[in-house]
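Worksheet: the structure to be examined is printed underneath.
We count residues from 1, following the sequence as given.
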Amino acid sequence: MSAARALDDLAAIAATSSNAHAPTAVSDSSPLKRDLVAGLEKGLAVIEAFDQERPRLTISEVAARTGLTRAAARRYLLTLTHLGFVSQDRKMFALTPKVLRLGQSYMHSARLPRIVEPELHKLAYAMKEASGAGVLDGNDVICISATSAGRVVSPTLQPGTRVPAFCAGTGRVMLAALPQTEIDDWVARQELTQLTPHTITHPERLRIEIARARALGYACVDQELELGLRTVAVPLKNYRGDVVAAMSISVHASRMSMDQLVDHCLPPLLQSQAHLRMLL
């Protein structure tokens, strides 16, 4: 990044630091425990126990990952197997493609992906670069829509993929919209794993980057999530000004510097952001 832009960034952060989000009162609207279906909660936890690192699990492993007893884990696995969401091979269990129905129900019924997708296509084919949109889900960002324009730069840029929010551009711009106290609590809970030599793993440096994203209105991430992947992202706001998602353009580092990425791709991203705000 050029020296002039670096100075501008620091000045913008300094100007907004005195106006950092103040703590806001949050009303406790959680439902009563008697109104919740514990069985459904535990069944979904069993499904979530499977991931890319552990696609096949034993009953004991599911119990350990969910906090269930071994007997309870066995019953949930057998029920999910009976329903077709889980398959069994001797002592090992795995999810079946039927689980995709749960994600498809969201993709086909939710308003947000349907509104964002046409704009992503226009961006990707105009810029000849990959674009995507995601939402914040706990510690991660889930991609809800993406298009590569024929230029595949990362396997994470496809609907349904989940990446750590702390090292994703979309994650940082959505975190920047939170009150400062919530950001501090969120950062304190994270296990800042070094995914590449460029990944920011120091909590205070991460807070500075989130503050930078708040001050500038966009976030740049240079090969922190994946070597060779550079991203610029902007928040997506609804008509009330609430941040509901984030949109990004990603390129391969061998093709474009961060300065070039910002100069070339940020203006159309901001145009798409303004257009979507009228629709969300």
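- Distance check: T81 OG1 to R74 CZ gives 10.5 Å after rounding to the nearest 0.5 Å.
- A 6.0 Å sphere centred on CZ of R114 holds more than 12 heavy atoms belonging to other residues, nucleotides or ligands.
- A salt bridge links R56 to D89: at least one charged side-chain nitrogen sits closer than 4.0 Å to a carboxylate oxygen.
- Atoms CG and CG, from L229 and L157 in turn, are 6.5 Å apart once rounded to the nearest 0.5 Å.
- When atom types are taken as modelled, the side chain of D137 and the backbone of D140 share no donor-acceptor pair closer than 3.5 angstrom.
- More than 12 non-hydrogen atoms from other residues, nucleotides or ligands lie less than 6.0 angstrom from CD of E204.
- Between the side chains of H198 and T196, not a single donor N or O lies within less than 3.5 Å of an accepting N or O.
- Salt-bridge annotation for D242 and R277: absent, with no side-chain N of the basic residue lying under 4.0 Å from a carboxylate O of the acidic one.
- Taking a cutoff of 4.0 Å between a charged side-chain nitrogen and a carboxylate oxygen, R255 and E129 qualify as a salt bridge.
- The cluster map of Ile, Leu, Val, Met, Phe, Trp and Tyr, joined by side-chain heavy atoms under 4.5 Å apart, puts L100 and I144 in different clusters.
- For the residue pair T156 and T161, no side-chain donor N or O sits within less than 3.5 Å of a side-chain acceptor on the partner.
- Within the 4.5 Å cutoff, the side chain of V135 has no heavy atoms near those of the V244 side chain.
- Note that CG of L236 is 10.5 Å distant from CD1 of I115, once rounded to the nearest 0.5 Å.
- Note: I210 CD1 to R212 CZ = 12.0 Å, rounded to the nearest 0.5 Å.
- Heavy atoms from other residues, nucleotides or ligands lying under 6.0 Å from NZ of K91 number 12 at most.
- Counting only distance, with no hydrogens or angles, the side chain of Q158 and the backbone of P155 share a donor-acceptor pair below 3.5 Å.
- Each of L206, V221, L192 was scored for a side chain to side chain contact (heavy atoms under 4.5 Å, CB included) with I200, with one residue passing: L206.
- R230 and Q260 share no donor-acceptor pair across their side chains, judged by distance under 3.5 Å alone.
- Side-chain atoms of W186 come within 3.5 Å of backbone N or O of G138 as a donor-acceptor pair.
- At a threshold of 4.5 Å between non-hydrogen side-chain atoms, the residues V62 and F93 do not count as touching.
- Considering every non-hydrogen atom in both L178 and R214, the closest pair reads O-NH2, 3.8 Å.
- E224 and T199 form no side-chain donor-acceptor contact under 3.5 Å, judged by distance and modelled atom types alone.
- Residue L261 comes nearest to I249 through the heavy atom pair CD1-O, 4.3 Å, listed as atom of the first residue, atom of the second, then distance.
- The nearest pair of heavy atoms linking L120 to S131 is O-OG, 3.0 Å.
- The hydrophobic clustering, which links ILVMFWY residues whose side-chain heavy atoms are closer than 4.5 Å, places F166 and L175 together.
- Rounded to the nearest 0.5 Å, atoms OG1 (T147) and NZ (K122) are 13.5 Å apart.
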- [ ] Could you check E117 against S145 for side-chain hydrogen bond (donor to acceptor under 3.5 Å, both in side chains), going step by step and ending with a plain yes or no?
- [x] CA-CA 6 Å; E117 186 173 1; S145 185; 4.5 Å; no
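- A donor-acceptor pair under 3.5 Å links the side-chain atoms of Q88 to the main chain of R90, judged by distance alone.
- Looking at S60 and T58, their side chains never bring a donor and an acceptor atom within 3.5 Å of each other.
- Looking only at distances, a side-chain donor or acceptor of T96 sits under 3.5 Å from a matching main-chain atom of G84.
- Between H264 and M127 the shortest side-chain heavy-atom distance falls below 4.5 Å.
- Atoms CG and OH, on L270 and Y218 in that order, are 9.0 Å from each other to the nearest 0.5 Å.
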TODO: Before giving the answer on salt bridge (charged side-chain N to carboxylate O under 4.0 Å, His left out), spell out for R189 and D184 the whole-Å C-alpha distance, their side-chain angles and the decisive distance to 0.1 Å.
DONE: CA-CA 9 Å; R189 294 194 304 268; D184 291 338; over 6 Å; no
